[in-house]
Amino acid sequence: MKHNILFRSAVAMLVAGAAMTACTDNIAVGDASLDKATSSTATIDSVFQNAEYTRQFLIGIYSKQYYGLPYANGGAYMPHAGNPYTGKFDGLTDCWHQFWNGAAVYGQYYTGAMTATTNRSDGLDGPLYSYDKEFQWYMIRASHIFLENVDRAPEVDMKSDEKNRLKAEARCLMVSAFFETFQHFGGIPIMDHALTTDEVANETPRDSVEVCVDWMVNELDKAIADNDFPWITSNPATMNGRWTKAGAMALKCKILQFAASPLLNPKDGQPYYSGASEEQKPFIMYTDASKYQERWDRFAKACDDFYNALQANGQYSMVLANIPSSATTAAKKAPYYRLAYRQGYFLNASPEILHSVRVYGNDPMSTARYGWHEWYSKAVPRNAYCPTQEYVEKFSWNDGEPFNWTNAAKKTYKSSATEPDVTVTKADDGSEIYTVSNFVTNTITGAITRSPKSLHTMFVSGDVPAGGRQITTSLTRDPRLYEECIVNGLNMNLDWSTASMTGDPWELWYNGNDGGTGVLTQQNTMFGSGYGFNKYYLGTGVYSGDQNADSYRYPTQWVALSLPEFYLQYAEALVMRSNPDVTKAAQMINVVRSRVGLPGVETMWTRSNFRSAKGYKATTLAAAATTPVTLENGETSTEFMEELLDERVRELGLTNARWFDMVRYKRTDWMTKQLHGLMQYRLIQKGSVFVSRNVAWIGADHDNDPSSTQPLFFLNSIKTITGNSRYLWNKDPKSNEVKKWLLDPLPQAEINKHYGLVQNPGWE
């Protein structure tokens, strides 16, 4: 596309109505001022000769930042990625599956239908991140306009220190927009100044990966070096969401992490796609393999710099649990760890957030939760990104021992088999009755023994108190499981002050009050995998008028950069640098693990039962960093790196981290893996056997039988996901058919304009 077409289009989209805001200010950017500023010196004068208009111009750029929680069906006048009919990247990984078939996640990716020509005018059939519909080009151009003109603002109303600070913010905005696009397409055209309408004849082809990375880093370095750019905002109450020096340094780390990873920085010098042309290679990878280690060291140096600055300046820190002395066991401490984790990412004032973005979207009840919650319910399951069994099993028991289904089954059933002896009969109404005869039972009473670390207690444990109806819930797993996932038996609410768990238990068994028949039908359902997501949702977050919802009246921010993410990045840098420091890398991971009460990551290899549960071979931390793991896609990893990638998705669920880990590490084995859910049938005891009772508790037995208490026993089985199955499942992860999906296609319409865009391999 010619530049004037691209940027006038972007400006037109902006002035039609900005839906997003990164700060707490109420911003109104004049339509005429932005539109005419593209070609009118007089209008630029009117904006930049007024300090307040100058500030508002920058806020207009903030208003178009990427926000990763689809929240409104706003058509062409909002960023494409924010629309639920487009969808989240997480749904393309092995850890979540979308059961609603109305989004591009299903229509273009799961079906394999997407091509380079798939790009309808409203963008909903296109890539999940659009090359020309995310306002990224507006942000880049407008940032240049700001940088070139901010000094014209009257000194009496805007001092030089403020101008310098705002320039640094503009550079961060520009780079963030560029990097969001770069991650999906590889090398893209760089705008090094604010193009105007008289530059119609100019043509800018794709820039190489190397040039793009250097440009982004150089722009951030200019911001970081500015003495007037603060490490943290001067007034978080009014300035949260502003870019800071800490945010700029963290973004630099993230860019260099992506750049050093195997997708762009192959150690063998070979492109991810076999047969990529010589013309394509500079845009999809570094072409000089001799500098492979240099790039990892550059990433490590950026992490060193941020870590040292953090030690020197402070201000940012992990939110830690406030545990009362009465909580003496891992189970009793778990709710407090849950709350600390939740406060760390969800609260606007959290000291561990390095940069966040907020939106002003659909919120009919004025609850400040925006539209993310409104699109996730039994009636409207458009954000139904259900956790998979593969994801849930990554969360350990609360003492750190890895969860292992086979081990848990042996504590559930009398036989050594992992599946129970089940007899299936038909009831009078035609429904199936499952009779189980081989549970581990009490030798005297015959009652089921709910052994620790069994399938009965794989989510919650506890007893029903005298005179009560529900159990006093005890959490048996990694506390983050309950913040990332809705699981059967978990109370719906967690008090923000006391960490007490209250409310009804989630009923996700077949025909339970919440799960219904979803896990059986797996079609357009909220709990199609037997699980729901809880991240950013928090309990009954969907119900518009539910003042008991944990998210009620809390703004739903998107955490773009966080301290936990940095610690895990630093761990990766420390093991990939020229002089690896595995001990310090483990210390970085343990900052994240200790916040939720888990033992150090080194225990995965030093404790025999932990090591056995994971199937690891190394017996020391140092050995884990070099013990190879052969992957199904033909690549080789190490036990340490596999554990680090798992730790990242446990900590950073639904933040796009898994998607970009999959891309940058070329994990096509994740793309092609058949995924699973959990089927649970409610059981009641009749004599010496246990039979199914496939009805709800709340709204059924609870209301009609005063003696009925919270169900505790279930027939559990792993169920293959067939609803909205993905065409890549069971494909050869080594094939180009799969590998081409690591980068998105550039729109063929842009290729056809012959201004220098070269298509990504496999999409020609």
Per ring pair (Phe, Tyr, Trp, His ring centres under 6.0 Å), F533 is matched among Y391, W372, F527 by W372
With sequence neighbours left out, what residues match K411 under salt bridge (charged side-chain N to carboxylate O under 4.0 Å, His left out)? none
Just to verify, what does F714 make a ring pair (Phe, Tyr, Trp, His ring centres under 6.0 Å) with, not counting sequence neighbours? W509
Can we call the ring centroids of W375 and Y537 under 6.0 Å apart? no
Are the charged groups of D90 and R658 less than 4.0 angstrom apart, N to O? no
Please list all pairs passing the salt bridge (Lys or Arg N to Asp or Glu O under 4.0 Å) test where one or both residues lie in residues 457-469, with sequence neighbours left out. none
Check salt bridge (charged side-chain N to carboxylate O under 4.0 Å, His left out) between E483 and all other residues, then give those that pass, not counting sequence neighbours. R338, R342
Answer yes if the ring centres of H97 and Y385 are under 6.0 angstrom apart, and no otherwise. no
Partner residues of W397 under the ring pair (Phe, Tyr, Trp, His ring centres under 6.0 Å) criterion, sequence neighbours left out: F403
Could you pull out all residues at least two apart from F690 that satisfy ring pair (Phe, Tyr, Trp, His ring centres under 6.0 Å)? F439
Ring centres under 6.0 angstrom apart (Y341, Y337): no
Compute the ring centroids of F346 and W558, then answer whether they are less than 6.0 Å apart. no
In chain order, what residues pass the side-chain contact (heavy atoms from CB on, under 4.5 Å) check against N404, with sequence neighbours excluded? T406, N407, A613
Salt bridge (charged side-chain N to carboxylate O under 4.0 Å, His left out) filter on E352, not counting sequence neighbours, yields R595
Sequence neighbours left out, what passes side-chain contact (heavy atoms from CB on, under 4.5 Å) with P599? Give chain and number order. R593, T603, R607, F610
Classify the ring geometry between Y66 and F89 as parallel (under 30°), tilted (30 to 60°) or perpendicular (over 60°). parallel
With sequence neighbours left out, which residue pairs that include part of residues 379-388 fulfil the salt bridge (Lys or Arg N to Asp or Glu O under 4.0 Å) condition? none
Partner of R682 under side chain to side chain donor-acceptor pair (under 3.5 Å), picked from N694, D701, N511, is D701
Check E401 with K453, please: is the shortest side-chain N to carboxylate O separation under 4.0 Å? yes
Residues at least two apart in sequence or cross-chain that pass salt bridge (charged side-chain N to carboxylate O under 4.0 Å, His left out) with K394, listed by chain then number, are D646
Can you see whether Y345 has K535 sitting over its ring - NZ or CZ less than 6.0 Å from the centre and within 45° of the normal? yes
Residue pairs passing the salt bridge (Lys or Arg N to Asp or Glu O under 4.0 Å) test where at least one lies in residues 490-509, sequence neighbours excluded: none
